[in-house]
Amino acid sequence: MAFIEGLIEYDFLQKALLTSIMVGVICGVIDCFIILREMALMGDAISHAVLPGVAISYALGINFFFGAVFTGVLTAIGIGFVSQNSRIKQDTSIGIVFTAAFALGVILITVLESSTDLYHILFGNVLAVRPSDMWITLAIGLLVLVSVYVFYKELLVTSFDETMAQVYGLPARLIYYFLMTLLTMVTVASLQTVGILLVVAMLITPAATAYLLTDRLSTMIFLSASIDASAAVIGLYFSFTYNLASGATIVLAATALFVIAFLFSPKQGILWRKISAMKNRELANKI
């Protein structure tokens, strides 16, 4: 196969594969908590809100990671502050803050004339990943995995019931900002792979797929990470083999896996439920 031969021959493809798998794993792990908190739009908000930081980083000649994380965390704090200190609901505050940040990013791109350099950030190009991007992704991945392992119980309780968490004396608001910081770093790590415009799919679709397959959070995390990593590998294969946009093929691969789970997952799958209902009717008729 051309893809296997390419992996053996081309160094850039090896970097792309490793980076894609790392991004898939960390997206799958952190976003289970985002799905449980019903904060799926937060990933979309942060992915767009990092644009000003990316533009400024390129203008200053530094790695876009630093500017993107700064503006992403600032946006998450702003969203939380508005929703927690006013009558405005979280989804509304997300719309207000992230659109303002994204608009600022568009203005900065125009003023700084950096649109050509930022094209791969908008749409993703994992085949052009640099060694520095790969090492940053690895560092973020280790930080996220260790953080989730150490604070798993706190994240679990606050994700299911913040009121109960406060009764137990857990700093729910601090944990919220901690989770948003992790989400921001994961989002930034995904930019090189799928880009700003498609990163929300990597942040939501695999976790939603895993949610259809299990009722246990620990199992959901494992499945989500596996699905996300598998989608990254499948998407990279089609991208390299057929010369397609890497970000788009990865997203479509994740969507295809979701459709399979949506149709055939035990208990939750539409076709599976219909087949079970038909069997039950046949059994009832025999009795």
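Computed from heavy atoms alone, side chains included, the values below leave out hydrogens, waters and symmetry copies. This one's a predicted model, so the numbers in the text were calculated from it and none came from an experiment. Position 1 is the first residue of the sequence, and the numbers go up from there.
At a threshold of 4.5 Å between non-hydrogen side-chain atoms, the residues Phe151 and Thr158 do not count as touching. Contact of the Leu236 side chain with the Thr249 side chain is not registered, since no non-hydrogen atoms from C-beta on lie closer than 4.5 Å. By the 4.5 Å heavy-atom criterion applied to side chains, Met202 and Ile250 are counted as neighbours. Ile270 places a side-chain heavy atom less than 4.5 Å from the side chain of Phe262. Looking at heavy atoms from C-beta onward, Leu155 lies in side-chain contact with Ile175 at the 4.5 angstrom threshold. Residues Ile26 and Ile30 form no side-chain contact, since every pair of their non-hydrogen atoms from C-beta on lies 4.5 Å or further apart. You'll find the side chain of Thr205 stays beyond 4.5 Å of the side chain of Leu257, heavy atoms only. At least one side-chain heavy atom of Phe3 sits under 4.5 Å from a side-chain heavy atom of Leu13.
Rounded to the nearest 0.5 Å, atoms OG1 (Thr255) and CD1 (Ile260) are 11.0 Å apart. The line from CD1 of Ile35 to CG of Leu217 is 12.0 Å long, rounded to the nearest 0.5 Å. Atom SG of Cys32 sits about 11.0 Å away from atom OH of Tyr211, to the nearest 0.5 Å. Taking OH from Tyr176 and OG1 from Thr181, the interatomic distance works out to 10.0 Å, rounded to the nearest 0.5 Å. Taking CD1 of Ile21 as the reference point, atom CG of Asp228 lies at 11.5 Å (rounded to 0.5 Å). The distance from the OG1 atom of Thr71 to the CG atom of Leu108 is 10.0 Å, given to the nearest 0.5 Å.
Side-chain atoms of Asn85 come within 3.5 Å of backbone atoms of Phe81 as a donor-acceptor pair (strictly under, hydrogens ignored). Remark: the backbone N or O of Gly67 is paired with a side-chain donor or acceptor of Ser57 at under 3.5 angstrom. Of the possible donor and acceptor atoms, none in the side chain of Thr219 sits under 3.5 Å from a partner among the backbone N and O of Asp215. Remark: the backbone N or O of Ile79 is paired with a side-chain donor or acceptor of Ser83 at under 3.5 angstrom. Side-chain atoms of Thr99 come within 3.5 Å of backbone N or O of Gly95 as a donor-acceptor pair.
Note on residues 28-42: pairs passing salt bridge (charged side-chain N to carboxylate O under 4.0 Å, His left out), not counting sequence neighbours, are Arg37-Glu162.
The hydrophobic cluster containing Phe160 also contains Ile34, counting ILVMFWY residues as joined when their side-chain heavy atoms lie under 4.5 angstrom apart, directly or transitively. The cluster map of Ile, Leu, Val, Met, Phe, Trp and Tyr, joined by side-chain heavy atoms under 4.5 Å apart, puts Leu145 and Leu156 in the same cluster. Hydrophobic clustering (ILVMFWY, side-chain heavy atoms < 4.5 Å, transitive): Leu7 and Tyr10 are in one cluster. Leu252 and Val259 are assigned to two separate hydrophobic clusters, defined by single-linkage of ILVMFWY side chains at heavy-atom distances under 4.5 Å. There is a path of hydrophobic side-chain contacts, each under 4.5 Å, that joins Leu183 to Phe65.
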Q: Please report the C-alpha distance between Val148 and Phe33 in whole Å, then the side-chain angles of each, then the deciding distance to 0.1 Å, and finally whether the side chain to side chain contact (heavy atoms under 4.5 Å, CB included) criterion is met.
A: CA-CA 10 Å; Val148 170; Phe33 299 102; 3.9 Å; yes
Q.
Set out, in order, the CA-CA distance, both residues' side-chain angles and the distance that settles side chain to side chain contact (heavy atoms under 4.5 Å, CB included) for Ser224 and Val29, then state yes or no.
A. CA-CA 7 Å; Ser224 179; Val29 169; over 6 Å; no
Q. How far apart are the C-alpha atoms of Phe258 and Leu212, what are their side-chain angles, what is the distance that settles it, and do they pass the side chain to side chain contact (heavy atoms under 4.5 Å, CB included) test?
A. CA-CA 9 Å; Phe258 172 79; Leu212 294 176; 3.7 Å; yes
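Shown here for Ala189 and Val23, the closest heavy-atom pair between the two residues is O-CG2, 3.5 Å. Of all the heavy atoms in Ala210 and Leu223, the pair that sits closest is CB-CB, 3.8 Å. Nearest heavy-atom pair, Val50 versus Gly72, reported as atom, atom and distance to 0.1 Å: CG1-CA, 3.9 Å. Across all non-hydrogen atoms, the minimal contact from Met180 to Ile46 is O-CD1, 4.2 Å. Closest approach of Ala253 to Ala231, counting heavy atoms only: CB-O, 3.6 Å. Nearest heavy atoms, Met185 versus Ile140: O-CD1, 3.5 Å.
Counting heavy-atom neighbours within 6.0 Å of Asn243 CG, excluding the residue itself, gives a total of 12 or less. Other residues, nucleotides and ligands contribute more than 12 heavy atoms inside 6.0 Å of the OH atom of Tyr152.
Scanning for side chain to side chain contact (heavy atoms under 4.5 Å, CB included) contacts around Ser226 gives Phe222, with sequence neighbours left out.
Ring orientation note: the planes of Phe238 and Tyr242 are close to parallel, at an angle under 30° on the 30°/60° scale.
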